[in-house]
Amino acid sequence: MYNTYSVKVLIESITSPAISPEKIFEERIILVKTNQPEKIENMIRENFSDDTYQNAEGGWTTHQVAKILDVFELVEDIEEQPIHLKEVYSRFLIFDKETSVEEVVNVYSLDK
C-alpha cells in the first residue's frame with residue numbers, strides 16, 4: 001500500500017521505590033513509515049528507549065516499551081492528501097456469540 005503503519009504500543013511506568021500499589025500503563029498509537037514492516041518492533045524499541053526521571057516523591061520513574069499491541073497498515077495515503085478524517089487505526093472485535101455494545105466496551109475497556 002503506502003508503507004505507512006499505525007503501531008499500537010503499551011508503555012509501562014515503573015516506580016522505584018514503589019510507594020503505592022497503583023500501576024500505570026500508557027497506550028500510544030505511533031505512525032511508522034517503512035518498506036520493511038518486519039522491522040517495526042525493533043524500530044519502536046530503538047527510538048523509544050527507557051526514559052527515567054526523578055519523581056516528586058524522591059524516587060525514580062522509568063517509562064519503557066512493554067509490548068507492541070498491534071500493527072496496522074494504513075490504507076490511505078496521508079502524505080498526498082490532507083490528514084483530516086483519515087483513518088489511522090482500526091481493528092475488528094469478533095465474538096463467537098451475540099454481544100451488546102456495552103459488553104464490548106466492558107471487555108475491551110474501550111471507554112477508558
In a table with atom names and distances, give each donor-acceptor pair under 3.5 Å that connects a side chain of residues 57-68 to protein atoms at least two apart or in another chain.
residue	atom	partner	partner atom	Å
T61	OG1	N55	ND2	3.0
T62	OG1	T52	OG1	2.8
H63	NE2	Y53	OH	3.2

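- Taking every heavy atom of both residues into account, I11 and R28 meet most closely at CG1-NE, 3.8 Å.
- Between the side chain of S100 and the backbone N or O of E103, at least one donor-acceptor pair lies under 3.5 Å.
- In this structure, the separation between NZ on K33 and CD1 on I40 is 11.5 Å, given to the nearest 0.5 Å.
- The environment of CD in E22 is sparse: at most 12 heavy-atom neighbours from other residues, nucleotides or ligands sit within 6.0 Å.
- No path of Ile, Leu, Val, Met, Phe, Trp and Tyr side chains, each step under 4.5 Å between heavy atoms, connects Y108 with L69, placing them in separate hydrophobic clusters.
- Of all heavy-atom pairs spanning L74 and Y5, the tightest one is CD1-C, 3.7 Å.
- The shortest side-chain heavy-atom distance between F95 and V104 falls under the 4.5 Å cut-off.
- Among residues at least two apart or in separate chains, salt bridge (charged side-chain N to carboxylate O under 4.0 Å, His left out) pairs with a member in residues 4-17 are K8-E27, E12-K23.
- Rounded to the nearest 0.5 angstrom, S6 OG and I30 CD1 are separated by 9.0 Å.
- Taking CZ from F72 and CG from L31, the interatomic distance works out to 11.5 Å, rounded to the nearest 0.5 Å.
- Residues passing the side-chain contact (heavy atoms from CB on, under 4.5 Å) test with Q36, sequence neighbours excluded: T34, E38, K39.
- Counting heavy atoms from C-beta outward, V7 and D70 have side chains that stay 4.5 Å or more apart.
- Judged by distance alone, with hydrogens and angles left aside, the side-chain atoms of E46 form no donor-acceptor pair with the main-chain N or O of M43 at under 3.5 Å.
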